[in-house]
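Please read these numbers as outputs of a predicted model, since none were measured by experiment. Naming convention: chains lettered A, B, ... in sequence-line order (proteins, then strands); numbering from 1 in each chain. Hydrogens, waters and symmetry mates are skipped; everything else that's a heavy atom, side chains included, is used.
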Protein chains: 2
Amino acid sequence: MANIKHIAKLANVSISTVSRVLNNQPYVSEDKKKAIFDAIEQLEYTRNMNAIHLIKGKTNLVGVMMPFINHAYFSRLMEGISAEAFKENYQLILCQTNYELCNETAVLEMLKMKQIDGIIICSKSMPLEQIEPYTRYGPIVACEDVNQSPVSSVYLDHYTSFKYGINYLIEKGHQYIGLCLGRNSGANSQSRLKAYKDALHSINQPFREEWMFYQSYRIEDGVEVLNKLRTMEQRPTALLVTSDQVAAGIIMEARKNGIEVPNDLAIIGFDNQPIAEVFDLTTIDNQLMEMGSCAFRIVHDQIAKKKTEPEYREFDFRLIERSTV
Amino acid sequence: MANIKHIAKLANVSISTVSRVLNNQPYVSEDKKKAIFDAIEQLEYTRNMNAIHLIKGKTNLVGVMMPFINHAYFSRLMEGISAEAFKENYQLILCQTNYELCNETAVLEMLKMKQIDGIIICSKSMPLEQIEPYTRYGPIVACEDVNQSPVSSVYLDHYTSFKYGINYLIEKGHQYIGLCLGRNSGANSQSRLKAYKDALHSINQPFREEWMFYQSYRIEDGVEVLNKLRTMEQRPTALLVTSDQVAAGIIMEARKNGIEVPNDLAIIGFDNQPIAEVFDLTTIDNQLMEMGSCAFRIVHDQIAKKKTEPEYREFDFRLIERSTV
DNA sequence: CTGAAAGCGCTAACAT
DNA sequence: ATGTTAGCGCTTTCAG
């Protein structure tokens with residue numbers, strides 16, 4: 001493989017002149033420039049980015065930490081991140097963690113090792129305090145409320161949005177309300193759980209563990225939820241489902257079993273994914289794509305301006321009224 | 001940031017000894033080793049991967065080229081790739097191309113610039129001949145039949161699988177068969193189209209452009225397909241749909257409009273995604289995850305063994321009979 | 001406008 | 001077992 005020295009020799013100039021041309025710097029005579037371009041073409045020269053990364057201490061690479069890849073929520077977020085990264089000529093390293101600490105640490109270490117210039121955390125299991133020390137190596141932004149941490153954050157007020165969803169259900173006359181969550185740890189889930197419990201309290205309803213469904217991520221999990229529901233003698237009349245995919249699965253299985261939505265079972269989904277529209281699902285839009293874009297913009301901004309003060313950006317939610325409540 | 005020199009000085013050894021410890025090479029005395037570890041800890045030292053990449057001419061990074069990220073087909077493929085990459089301690093750079101040539105070229109150039117050690121092409125619009133010269137810079141594997149190109153390939157015989165699907169429809173008594181494709185260019189789509197036309201020919205049916213639906217990728221595209229169908233005076237009685245998501249959208253909208261599946265309209269999907277099971281959709285499994293895994297394994301193998309002969313791996317399809325035909 | 005030279009942080013012969 | 005040294009391929013002062 002040709003390197004800058006070969007070009008310099010073939011074009012009869014010094015390597016610094018070649019470097020100037022490579023970086024379109026001014027003050028190079030046209031004939032030398034031409035000679036260099038010719039040499040580049042002749043030797044099929046391309047720069048070795050690793051050398052550039054080394055000397056610049058920067059890779060134009062941002063790491064994206066997510067538990068799993070094949071999941072509508074993260075795909076949507078990623079879509080937003082990717083769109084913005086594209087504009088800035090940044091590439092993304094997709095780091096699947098399976099919510100395992102060692103994998104999450106590996107991503108943070110990549111930042112320290114200068115493999116990546118920043119990190120976007122889509123979701124994590126590691127406590128925030130363990131992440132914070134790494135902010136000195138580059139910008140880190142989490143897609144959840146971090147509450148004044150040195151880690152930046154783009155987030156939605158999940159407590160309020162959830163409360164809003166439940167109140168909507170209550171207004172429609174529901175008292176028996178169940179809940180499907182992705183996982184019970186995690187800042188977002190915790191906020192939602194608290195909103196749920198507070199709302200239940202406000203209408204004097206007990207918290208029933210049997211109406212809680214965890215680990216609901218995909219459409220097929222929804223099927224399972226409905227089948228669990230069917231075995232109960234007392235069922236909730238409404239369900240808050242933190243994923244439109246899961247909600248869709250519930251609706252499909254409900255139909256199959258003659259349970260009418262919303263008459264027998266009302267459902268509110270979350271995320272306002274395309275599937276929600278197809279299912280005419282009432283859902284809460286939480287602007288995943290916009291959050292993704294914003295997360296990247298914050299990371300990029302901090303890299304560009306070399307600033308280290310964290311930024312926090314709260315997003316609005318919106319109830320999309322359709323036919324499942 | 002501390003570097004290897006600082007460690008050497010603090011531990012009172014030479015940089016090569018430090019390097020040995022860093023790479024767990026033998027022949028370092030225990031006390032020096034300890035001194036080095038202490039220094040590393042004290043200075044919070046981590047290796048600079050860019051220097052290592054430069055000197056080794058290798059990054060442990062594989063680029064994944066795909067048109068869009070938020071799409072079930074590619075997510076599934078990616079899941080397989082990611083699982084395998086994880087085992088080998090490789091990271092993935094996700095390169096979204098939107099099927100634009102300049103973006104596809106950018107990925108190939110990254111290989112030439114030694115930013116990545118290999119490439120997995122999930123789908124592309126660039127002609128193969130334009131890709132082939134890049135194989136000298138590292139292994140490239142495409143997820144489609146490349147027919148003896150120097151580019152490696154993992155693929156499914158889409159012609160045969162499609163033919164199989166159509167024949168199944170014909171056996172069930174269908175003569176009027178429509179087709180939903182992702183795009184009309186692309187090796188996979190072309191094979192499918194040919195199979196479709198050949199099958200039509202074999203039952204003496206004309207090819208009708210109005211029963212062809214292109215650009216069908218997502219569940220909402222299925223809704224649109226069905227609505228187009230409704231405006232036709234003569235409709236197909238069966239549809240081959242190259243995506244379970246699209247098929248699901250069709251089914252949803254059919255139900256809404258009192259069109260019975262499979263009586264009024266039979267449907268075969270493709271990919272055997274989870275949504276297919278929930279919809280009880282007859283589909284053709286084409287082992288996307290396995291293909292993804294295999295694609296990575298080929299790339300990795302070729303990197304490890306420094307071999308350059310391309311590998312081709314054909315996968316089997318399987319008709320999953322459910323209730324939509 | 002151009003070139004020489006110093007380094008970015010590391011690995012890997014080669015000596016000892 | 002350990003140290004010396006020569007690079008990997010590039011950018012960037014600094015001189016001229």
Quickly work out the K56(B) NZ to dA12(C) C1' distance and round it to whole Å.
-> 10 Å
Is it possible for you to check whether R76(B) lies under 6.0 Å from the centre of the six-membered ring of Y73(B), through NZ or CZ, and within 45° of that ring's axis?
-> no
Where T97(B) and P67(B) come nearest, the two heavy atoms and their spacing = OG1-CA, 3.3 Å
In short, I15(B) meets I4(B) closest at the heavy-atom pair O-CD1, 3.8 Å
Rounded to the nearest Å, what distance is computed from the CG atom of residue L22(B) to the P atom of nucleotide dT2(D)?
-> 15 Å
Is the distance between the ring centroids of Y45(A) and H6(A) under 6.0 Å?
-> no
Its contact letters, B for base, S for sugar-phosphate only and - for none at protein heavy atoms under 4.0 Å, make nucleotides 2-9 of chain C read BBBB-BBB
Calculate the interatomic distance between K58(B) atom NZ and dG9(D) atom P; express it in whole Å.
-> 17 Å
Would you kindly give the CD-to-P distance between Q25(B) and dT11(C), to the nearest whole Å?
-> 9 Å
Separation of dT2(D) atom P from K9(B) atom NZ, nearest Å, is 20 Å
Between N50(A) and dC10(D), is there a side-chain N or O to OP1/OP2 distance below 4.0 Å?
-> no
Which pair of non-hydrogen atoms, one from S149(A) and one from P310(A), has the smallest distance, and what is that distance?
-> O-CG, 3.5 Å
Do other residues, nucleotides or ligands put more than 12 heavy atoms under 6.0 Å from E314(B) CD?
-> yes
